[in-house]
Trainee: 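Please see the structure below; I have some questions.
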Amino acid sequence: MSLVMKQIPLGVQTETKPIAFHGHIGKDLLTISGLSTGLVETIFETAAAWKAEPAAYHGVLSGKSVVMLFEKPSLRTRVTFDIGLSKLGAHVVYLDHGQQRLGERESVKDYAKNLERWADAIVARVFSHDVLDELAENASIPVVNALSDLEHPCQALADLFTLQERLGTLAGRKLAYVGDGNNVCHSLLLCSAMLGVNMSVVTPKGFEPKYHVVRQALRLAEQSGATITLSNTLDAIAGHDAVYTDTWVSMGQGHQEGLRKDSFVGFQIDDEVMAMASNGIDGGAVFLHCLPAHRGEEVVDTVIDASYSLVYEQAENRMHVQNALMMMLLSETGR
Ligand code: CP
Ligand code: NVA
């Protein structure tokens, strides 16, 4: 199937750009494992085309409405979806669930059954991934995971897209993730395995990624030829193209702050760690972080502010990959 870009309004002429989809995207994007290598490549191709020529995509989602439900705070996810969708001509309604969890005022099922009558898609950031599953099961419209306790798929797509932009190719590259085996780590593991990126995960004991996610990633890696290694010592960081870290205390884990900060001593990314990681080619390893960063905790200023740090490119690319994704999800449903 293909998506045909509209003429730009206001009389500016452009070529109509068909984009070939490699495979069929499902109704929702709840986890990276709902995608395939071909679909991720299509998202990246569309994102690159949109980034290079945004005017060609103005208005392609005109008349569509997207509801954003957020139980947790956000800068990047909220702004990139809102501004990105506005650029495509869609209307966004933001529902702040910071004070009231989904399911408290009325059932998640009723929420889904109401929203599907008005909106064309739901973008949701939730504490429990089960709530996303329940929304998706009950809504006939696409549901997109904007971060749950289990995964952050839009982030991983933007991260791998950023790495591809910088390194040219992804297959066979080496990505080291240091820190908590959390939602961001899970989506990165699955996306890297799908794209043939060799990933080393370095965590303190007890903070490894979930076993069932690692198993899923290993299955994907078998098909792509990628390797996945788990380690509890920083020695494993040697010889990588990129080093990634995230907060030691994710949203919803505030009650564990003391324990976590004690457990992660020795896992901070500083200049010495970056030097250890260097593969000795292409000017050393690049640094990635989904943000928000806790400067002086998981990463020091001299690393996050270094010329090899791609953190703001990652943030920018959130918008490009999400726009590509939303164009695909909304054209698949034909709504
Ligand atoms: N990286 C990310 O999702 O940032 P926000 O929490 O600000 O949305
Ligand atoms: N792991 C972090 C990511 C924030 C974008 C969290 O869940 O809070």
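Treat the numbers as computed from the prediction; the structure is a model and nothing was measured.
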Trainee: Under 3.5 Å, side chain of Lys261 to main-chain N/O of Glu297, donor-acceptor pair present?
Mentor: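 Pair absent, no side-chain N/O of Lys261 close to backbone of Glu297.
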
Trainee: Whether the Glu116 and Ser140 side chains hold a donor-acceptor pair (N or O, under 3.5 Å, no angle test) is what I'd like checked.
Mentor: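 There is such a pair between these side chains.
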
Trainee: Going by heavy atoms in the side chains, are Pro204 and Phe267 under 4.5 Å from each other?
Mentor: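 Heavy-atom side-chain distance check passes, below 4.5 Å.
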
Trainee: Checking side-chain contact (heavy atoms from CB on, under 4.5 Å) for the pair Val144/Met326: CA distance, chi angles, key distance, verdict?
Mentor: CA-CA 9 Å; Val144 175; Met326 295 309 282; 3.9 Å; yes

Trainee: Quick check: do Met68 and Val92 have side-chain heavy atoms less than 4.5 Å from each other?
Mentor: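 When only atoms from C-beta onward are counted, Val92 and Met68 do touch, with a gap below 4.5 Å.
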
Trainee: Determine, stepwise, if the pair Arg166 / Asp241 fulfils salt bridge (charged side-chain N to carboxylate O under 4.0 Å, His left out).
Mentor: CA-CA 10 Å; Arg166 174 56 67 107; Asp241 299 291; over 6 Å; no

Trainee: Report yes if the side chains of Thr77 and Cys154 come closer than 4.5 Å at any heavy-atom pair, otherwise no.
Mentor: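 When only atoms from C-beta onward are counted, Cys154 and Thr77 do not touch, as no gap falls below 4.5 Å.
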
Trainee: Taking Ser148 for its side chain and Val126 for its backbone only, find out whether a donor-acceptor pair lies under 3.5 Å.
Mentor: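 Checked: no pair found.
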
Trainee: Within the 3.5 Å criterion, strictly below it, is a donor on Gln322 or Thr80 matched to an acceptor on the partner's side chain?
Mentor: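 Short answer, yes.
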
Trainee: Measuring only between side-chain heavy atoms, which start at C-beta, is Leu160 closer than 4.5 Å to Val40?
Mentor: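 No; the side chains remain at least 4.5 Å from each other.
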
Trainee: Just checking Phe264 against Phe207, ring centres under 6.0 Å apart?
Mentor: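 Aromatic pair counts; centres sit under 6.0 Å.
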
Trainee: Hey, does the side chain of Gln268 reach the backbone of Gly296 with a donor-acceptor pair shorter than 3.5 angstrom?
Mentor: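 Confirmed, Gln268 side chain pairs with Gly296 backbone.
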
Trainee: So Ile304 and Leu291, do their side chains get closer than 4.5 Å, heavy atoms only?
Mentor: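 A side-chain contact under 4.5 Å exists here.
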
Trainee: Hey, are the side chains of Leu157 and Leu29 touching, using non-hydrogen atoms and a 4.5 Å cut-off?
Mentor: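 When only atoms from C-beta onward are counted, Leu29 and Leu157 do touch, with a gap below 4.5 Å.
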
Trainee: Are Lys51 and Glu316 close enough that some pair of their side-chain heavy atoms sits under 4.5 Å apart?
Mentor: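 They are in side-chain contact.
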
Trainee: Start with the C-alpha gap between Phe44 and Phe161, add the side-chain angles, then the distance that decides, and say whether ring pair (Phe, Tyr, Trp, His ring centres under 6.0 Å) holds.
Mentor: CA-CA 6 Å; Phe44 287 4; Phe161 178 75; 5.5 Å; yes

Trainee: Indicate, with yes or no, if the rings of Tyr177 and Tyr244 have centres closer together than 6.0 Å.
Mentor: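 Under 6.0 Å, so yes.
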
Trainee: If we ignore angles and hydrogens, is there a donor and acceptor under 3.5 Å between the side chains of Asn138 and Glu134?
Mentor: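 Judged by distance alone, the side chains do not pair up.
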
Trainee: Do Asn182 and Gln253 have a side chain donor and acceptor closer than 3.5 Å?
Mentor: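 Checked: Asn182/Gln253 side chains show no N/O donor-acceptor pair below 3.5 Å.
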
Trainee: Do Leu115 and Leu69 have side chains that approach each other closer than 4.5 Å (heavy atoms only, starting at C-beta)?
Mentor: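 Yes; the side chains approach each other to less than 4.5 Å.
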
Trainee: Quick check against the 3.5 Å criterion: does His129 have a side-chain atom that pairs as donor or acceptor with the backbone of Glu151?
Mentor: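 Side chain of His129 to backbone of Glu151, a donor-acceptor pair under 3.5 Å: no, none is there.
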
Trainee: Kindly work out whether a path of hydrophobic side-chain contacts (I/L/V/M/F/W/Y, heavy atoms less than 4.5 Å apart) joins Val197 to Val201.
Mentor: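 Same hydrophobic cluster.
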
Trainee: Any donor-acceptor pair under 3.5 Å linking the side-chain atoms of Glu208 with those of Asn232?
Mentor: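 On atom types as modelled, these side chains qualify, holding a pair under 3.5 Å.
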
